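Presented below is the structure to which this report refers.
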Amino acid sequence: MVRPRMYRLLYWLVLQRLPAEGTHRVSFAMLRALAAVPGVAALLRRLLAPRDPALRVRALGRELPGPLGLAAGFDKDARGVRALLALGFGFVEVGTVTAEAQPGNPRPRLFRLPRDRALVNRLGFNNGGAEAAARRLARPGARGGAEAVVGVNIGKTKRVAEAEALADYAASAGRLAPLADYLVVNVSSPNTPGLRDLQAADKLRPLLAAVRAACDLASPLRRVPLLVKIAPDLADEDVDAVADLAIELGLDGVIATNTTIARTGLATPAAFVERLGAGGLSGAPLKARALAVLRRLRARAGGRLTLIAVGGIETADDAWERIRAGATLVQGYTGFIYGGPGWPRRLQRELAAKVRAAGLASIEQAIGADAQS
Ligand SMILES: Cc1cc2nc3c(=O)[nH]c(=O)nc-3n(C[C@H](O)[C@H](O)[C@H](O)COP(=O)(O)O)c2cc1C
C-alpha cells in the first residue's frame, strides 16, 4: 500500500510537474493493469476495502460496505470500476456518460491549484457514449462482485440542442439504467453550454419525468433509484425548488454539489487563476458552499430524500460533518487526487473511529444528527 507520506513526496517531486490530464490517464491505466493481474484485485480488496460493520450503510435499496464513494468524472467510461472498488471505495459513480460519444473541449483542460488543494477543469464530458459504457458495465467481472454498488451519471450530448435534451437524456437512461444501481441526472456541469439552465424547475420537471419513464421502461422489474446532481452556484431558493421538485416527482435523492464557477477565497494568485480560463473549481475551496447547500436540502426535505454530499471532502472530519448534516453517503474526487491511492481506506478507517468515539454502533445513527429536521 502507498503510505500517505510517500505519495505526498511522489506528488510534490514528480506528479505535480506533469500535465494533469496525462497523469490522470497514466495512473488510472496503471491501476487497471495492476488490478487485471489475476488475484491482485481480490488481494487489494482484502487489504483496503471497508470491513468495519460500523461503516455499513443501507442506501438506495443496497447495502454498502462504507459511505465514501468516488465521485463522477474520474471513470467517465466505466473502464476501471473493479480496480477503484478494490482501493476501498464503498461505491463508484461512473460518467458523466452522454448518449453520443464526444471528444470534450480542446486541451489543456485540467489544471491543478496545489496551494488550494483544488482543481479547475473544463473537460466538457469527454466520453465514448452510452453504448460503449453499457457494454463495459455488462461485461462479466466489470464490477468485481455482486455486492459492488455502481452509480451511473448521465448528461447531455454537446451537439444536441436544448429542445432535444429530453430525448438525449432518455436515450442514455434507457441504455444504462438496467446496469446501474442508481442513475444520476447531471444538470450541473459548467462545461457544457446551457446545461445548468436545465436546473430551473420548469425545465427540470419534464426532464426528470422523461428520465424516470425511460428507466422504468428499460428496467420494468427493478425500479432504478434516480437522483439529480446540482451546482453549488444555485441561489438558496433554487436549491429549495430542486428539493421540492425531487419530492414531488418521487425522486430518490440529490447529489450536492458539482464544481463551482466561482473563484473566491483562493490562495493561488488571481492572475494565474485567470489565465487558466473557464471551468469548474473543485476541492477545498468548495467545502463551505457544498456544506451549506447540503444543509439547505436537508432543512427543506427532512429525511424524504437520500442526500449524497460531495465537494471539498478531504478528511474524516469533513465526511463526518456532512453525514451529521444529513448526508447518507459522501463522495470525493479532488481529495483522492491529492490524497493518493490510500485515501479511501484512510478516510474511512478514521471515520469508523469517529463513529465509535461518538458512542454509536453504526454510522447510520449519525445521519442528520446535527440537522434541525
Ligand atoms: C476533473 C474533473 C472531472 C469531473 N467530471 C464530472 C463529470 O463528468 N460529471 C459530474 O457529475 N461531475 C464531474 N466532476 C465533479 C465531481 O464529481 C465533484 O462533484 C466535484 O469535483 C466536487 O467534489 P470534489 O471537491 O471532491 O472534487 C468532475 C470533477 C473533476 C475535478
Side-chain angles (χ1 to χ4, degrees), residues 19-25 27-28 68-78 84 89 91-98 102 104-105 107-113 116-130 133 151-158 169 172 182-192 195-196 198-199 227-233 254-262 276 279-291 293-294 307-315 318-319 322 327 329-339 343-344 347:
E21 190 173 346
T23 310
H24 169 73
R25 213 182 36 247
S27 28
F28 189 25
L68 174 65
L70 179 60
F74 189 95
D75 188 3
K76 287 181 186 275
D77 289 307
L84 292 162
F89 283 107
F91 64 109
V92 168
E93 186 172 311
V94 301
T96 292
V97 181
T98 55
Q102 58 182 28
N105 291 320
R107 293 179 202 199
R109 52 191 183 175
L110 175 60
F111 310 93
R112 303 188 191 92
L113 276 55
D116 289 296
R117 304 187 308 282
L119 299 169
V120 167
N121 92 83
R122 54 167 169 278
L123 295 173
F125 294 166
N126 53 311
N127 78 108
V152 179
N153 177 309
I154 59 170
K156 185 180 81 66
T157 307
K158 185 179 181 187
Y169 274 96
S172 295
Y182 68 86
L183 198 85
V184 183
V185 174
N186 179 8
V187 280
S188 47
S189 165
N191 302 315
T192 295
L195 189 85
R196 291 173 311 144
L198 297 172
Q199 292 174 110
L227 298 90
V228 62
K229 182 167 177 179
I230 63 172
D233 308 315
V254 178
I255 303 187
T257 67
N258 214 312
T259 56
T260 178
I261 57 169
L276 301 179
L281 175 74
S282 60
L286 189 55
K287 199 175 292 198
R289 180 60 191 159
L291 175 61
V293 171
L294 172 72
L307 302 178
I308 302 184
V310 54
I313 294 175
E314 302 176 287
T315 63
D318 296 333
R322 302 294 166 108
L329 301 172
V330 296
Q331 292 178 320
Y333 185 140
T334 309
F336 180 44
I337 299 296
Y338 285 101
W343 182 73
L347 189 149

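In this text, all values refer to a predicted model and were calculated from it rather than measured experimentally. Sequence positions, counted from 1, serve as the residue numbers for this chain. Remember, it's 1-based here, ligands and their atoms both numbered in the order they're listed.
Closest of all the heavy-atom pairs between Leu281 and Leu286 is O-CD2, 3.9 Å. The shortest non-hydrogen separation linking Gly280 to Pro190 is CA-CG, 3.7 Å. Taking each heavy atom of Lys76 and Val97 in turn, the nearest pair found is O-CG2, 3.6 Å.
Ring geometry, Phe74 versus Phe28: the interplanar angle exceeds 60°, so the pair is classed perpendicular (tilted spans 30 to 60°).
Between the side chain of Asn153 and the main chain of Ala72, no donor-acceptor pair closer than 3.5 Å is present. In this structure, Asn127 contributes its side chain and Phe125 its backbone to a donor-acceptor pair below 3.5 Å.
For a heavy-atom separation below 4.0 Å, the residues in contact with ligand 1 are Ala71, Ala72, Gly73, Lys76, Gly95, Thr96, Leu110, Leu119, Asn121, Leu123, Asn153, Asn186, Lys229, Thr257, Asn258, Thr259, Ser282, Gly283, Leu286, Val310, Gly311, Gly312, Gly332, Tyr333, Thr334.
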